[in-house]
Amino acid sequence: MASPTLTTGTPDARKGGVRRVRRQLPGSPWLFAAPGLLITGAFILYPFVSTLVNSLTDRRTLVPGEFVGLANFRELLHDDMFWIGLRNSCLYVLGVVPALVLLPLLLALLVQKNIPGITFFRSAFYTPVVASIVVVGLIWVWLLDERGLVNSLLETLGASPVGFLSDQWLILLSAMGVTVWKGLGYYMIIYLAALANVPRELHEAAAVDGAGAVRRFLTVTVPAVRSTMVLVAALSSVAAFKVFSEVYLMAGPNGGPAGEDTTLVMLVQRTGTGLTGRVGYASAISVVVFVVTVVLMLLVLRADRKEES
């Protein structure tokens, strides 16, 4: 520790007997940063490095394992379930991201005006965000079950029941619908903050030029919130590729008929858990998930920069 430094003030201050004492500690900035660094290291850096190391071993739940190099990644190339999981995760991104980029923007445009009762609708649209995904999933399973409310209404109308939770593709589409429904309110709030910064003069000038509502939306609103749309696309694409709960609740732990609705994160959970779980192999799948999510974000950012140029 450095010795304290005594610093005297102005001549007038010295006459009055006032002295300022300044004590300097060499490591004081690190003391303030230490709690955040410890939390980051314990819950982010250490699990990340541990996953990388485990992906290069044949470790199991109760067996430390030995170094096997890239054997786990070579095995992935010949694993049919891995390719099924990769296919479903990519399809999930393609089905969910466009909806979560456009629909919350339209919803934000509807609720941004200050009219009586609009606060109620904003709260109603945001309610699914704060609801537990397990509760939301169980509600939709009850609605879409073979004897659920939706099929009961279809039978009442004379239509045949639809296998929302038994058909391979309908299960995936139903899970996508739950994801979109739950995420609408969250991204709506983000768009509301962006729309509040759009100058009203731009809309007024476009209206004076004879632009209708659709044209003002395309020429004024969309360019003004384009950076926010990129942010929403990046966030929703990463979340969609790592989907687990919705598909798990809709398709069950086995991933639907013959496991055809399994996603990569579900495959990680199924492979790496239990007393005989292949932790090393599951870690290799996790590394692939991490790499693909980084690539998705880079593609979104590159497309944004390309559009700007």
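Just so you know, these numbers use all the heavy atoms, side chains as well, and skip hydrogens, waters and symmetry mates. The shown structure was predicted, so the numbers you read here are calculated from the model rather than taken from an experiment. Start at 1 with the first residue, then count along the sequence.
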Peer 1: Output yes when a side-chain donor or acceptor of R216 lies under 3.5 Å from a complementary backbone atom of A211, and no otherwise.
Peer 2: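 It does hold such a pair.
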
Peer 1: Is there a side-chain contact (heavy atoms from CB on, under 4.5 Å) between V198 and T221 once you walk through the steps?
Peer 2: CA-CA 8 Å; V198 179; T221 304; 5.8 Å; no

Peer 1: Would L105 end up clustered with V232 when hydrophobic side chains under 4.5 Å apart are linked, directly or stepwise?
Peer 2: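 Linked within one cluster.
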
Peer 1: Any heavy-atom pair between the side chains of L296 and V300 that's under 4.5 Å?
Peer 2: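 They are not in contact (no side-chain heavy atoms under 4.5 Å apart), so the answer is no.
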
Peer 1: Is the shortest heavy-atom distance from the side chain of P161 to the side chain of E155 under 4.5 Å?
Peer 2: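 In contact.
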
Peer 1: Measure across N72 and S55 and return the closest heavy-atom pair with its distance rounded to 0.1 Å.
Peer 2: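 Shortest heavy-atom contact: ND2-O, 2.9 Å.
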
Peer 1: Write down the atom of P104, the atom of A99, and the distance for their closest heavy-atom approach.
Peer 2: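 Of all heavy-atom pairs spanning P104 and A99, the closest is CD-O, 3.3 Å.
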
Peer 1: Under a 4.5 Å side-chain heavy-atom rule over Ile, Leu, Val, Met, Phe, Trp and Tyr, are L100 and W140 clustered together?
Peer 2: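 Shared cluster, yes.
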
Peer 1: If you draw a 6.0 Å radius around CZ in F67, do more than 12 non-hydrogen atoms from other residues or ligands fall strictly inside?
Peer 2: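 Counting other residues, nucleotides and ligands, CZ of F67 exceeds 12 neighbours.
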
Peer 1: Judged by atom type as modelled, is there a donor-acceptor pair below 3.5 Å linking the side chain of N254 to the main-chain atoms of G259?
Peer 2: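 No, N254 side chain to G259 backbone: no donor-acceptor pair under 3.5 Å.
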
Peer 1: What's the separation between atom OH in Y281 and atom CG in N54, rounded to the nearest 0.5 Å?
Peer 2: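 Y281 atom OH to N54 atom CG measures 15.5 Å (nearest 0.5 Å).
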
Peer 1: Looking at CG of L195 and NZ of K113, how far apart are the two atoms once the value is rounded to the nearest 0.5 Å?
Peer 2: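 Reported value, rounded in 0.5 Å steps: 12.0 Å.
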
Peer 1: For the atom pair CG (L94) and OG (S89), what is the distance rounded to the nearest 0.5 Å?
Peer 2: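 One gets 11.0 Å once the value is rounded to the nearest 0.5 Å.
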
Peer 1: Membership question, hydrophobic clusters at under 4.5 Å side-chain separation (ILVMFWY): are L76 and L267 in the same one?
Peer 2: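 Linked within one cluster.
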
Peer 1: Test of understanding: clusters of I, L, V, M, F, W, Y form through side-chain heavy atoms closer than 4.5 Å, transitively. Do M250 and V135 belong to the same one?
Peer 2: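 Result: yes, single cluster for both.
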
Peer 1: For atom CG of L77, is the number of surrounding heavy atoms from other residues, nucleotides or ligands below 6.0 Å larger than 12?
Peer 2: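 Counting neighbours around CG of L77, more than 12 heavy atoms of other residues, nucleotides or ligands fall under 6.0 Å, so yes.
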
Peer 1: Can you tell me how far CG of L102 sits from CE of M229, rounded to the nearest 0.5 angstrom?
Peer 2: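 If I round to the nearest 0.5 Å, the distance is 6.5 Å.
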
Peer 1: V243 and side chain to side chain contact (heavy atoms under 4.5 Å, CB included): which partner among V96, V265, T263, L264?
Peer 2: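 Of the listed residues V96, V265, T263, L264, the side chain to side chain contact (heavy atoms under 4.5 Å, CB included) partner of V243 is T263.
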
Peer 1: Would you find more than 12 non-hydrogen atoms of other residues, nucleotides or ligands less than 6.0 Å from M81 atom CE?
Peer 2: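 More than 12 heavy atoms, drawn from other residues, nucleotides or ligands, come within 6.0 Å of this atom.
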
Peer 1: Ion pair present between E260 and R87, side-chain N to carboxylate O less than 4.0 angstrom?
Peer 2: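 Between R87 and E260 there is a salt bridge, with a charged N closer than 4.0 Å to a carboxylate O.
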
Peer 1: Between N151 and D145, is there a donor-acceptor pair closer than 3.5 Å when you use the side chain of the first and the backbone of the second?
Peer 2: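 Confirmed, N151 side chain pairs with D145 backbone.
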
Peer 1: Answer yes or no: does atom CD of E146 have more than 12 heavy-atom neighbours from other residues, nucleotides or ligands under 6.0 Å?
Peer 2: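 Atom CD in E146 is not crowded, with 12 or fewer foreign heavy atoms closer than 6.0 Å.
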
Peer 1: Does a side-chain heavy-atom distance below 4.5 Å link F48 with T51?
Peer 2: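 Answer no - side chains too far apart.
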
Peer 1: Do R59 and S283 have side-chain atoms, one donor and one acceptor, less than 3.5 Å apart?
Peer 2: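 There is no such pair between these side chains.
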
Peer 1: Taking C-beta and beyond as the side chain, do V130 and Y186 meet within less than 4.5 Å on heavy atoms?
Peer 2: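 They are not in contact (no side-chain heavy atoms under 4.5 Å apart), so the answer is no.
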
Peer 1: With a 3.5 Å distance limit and no angle check, can you tell me whether T271 reaches the backbone of V268 through a side-chain donor-acceptor pair?
Peer 2: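 Flag not set: sc T271 to bb V268 has no pair under 3.5 Å.
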
Peer 1: For the side chain of Y92 and the backbone of A175, is there at least one donor-acceptor N/O pair under 3.5 Å apart?
Peer 2: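 Side chain of Y92 to backbone of A175, a donor-acceptor pair under 3.5 Å: yes, one is there.
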
Peer 1: Is the closest side-chain heavy-atom distance between V68 and L56 below 4.5 Å?
Peer 2: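 Result no, sub-4.5 Å side-chain heavy-atom pair not found.
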
Peer 1: If we only count heavy atoms from C-beta on, is the N88 to L172 side-chain gap below 4.5 Å?
Peer 2: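 Yes. Closest side-chain heavy atoms under 4.5 Å.
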
Peer 1: So if you build clusters from Ile, Leu, Val, Met, Phe, Trp, Tyr with side-chain heavy-atom gaps below 4.5 Å, do L299 and L86 land together?
Peer 2: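 Yes, because L299 and L86 connect within a single hydrophobic cluster, where side-chain heavy atoms sit under 4.5 Å apart.
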
Peer 1: Do Y191 and V101 make a side-chain contact, defined as non-hydrogen atoms from C-beta onward lying under 4.5 Å apart?
Peer 2: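 Result yes, sub-4.5 Å side-chain heavy-atom pair found.
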
Peer 1: Measuring from L231:CG to R226:CZ, what's the distance to the nearest 0.5 Å?
Peer 2: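 So the CG of L231 and the CZ of R226 are separated by 13.0 Å.
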
Peer 1: Distance from I133 atom CD1 to Y248 atom OH, nearest 0.5 Å?
Peer 2: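 Nearest 0.5 Å value for the CD1-OH distance: 14.0 Å.
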
Peer 1: Locate the shortest heavy-atom distance separating A251 from I171; write the atom from each residue and the value.
Peer 2: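 Residues A251 and I171, closest heavy atoms: CB-CG2, 3.7 Å.
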
Peer 1: Please find the pair of heavy atoms, one from T61 and one from G272, that lie closest to each other, and give the distance.
Peer 2: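 For T61 and G272, the tightest heavy-atom pair comes out as OG1-O, 4.3 Å.
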
Peer 1: Does some side-chain heavy atom of Y187 sit less than 4.5 Å from a side-chain heavy atom of L107?
Peer 2: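 No, their side chains stay 4.5 Å or more apart.
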
Peer 1: Parallel, tilted or perpendicular: which fits the ring planes of F121 and F125, with parallel below 30° and perpendicular above 60°?
Peer 2: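 Answer is tilted, since the angle falls between 30° and 60°.
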
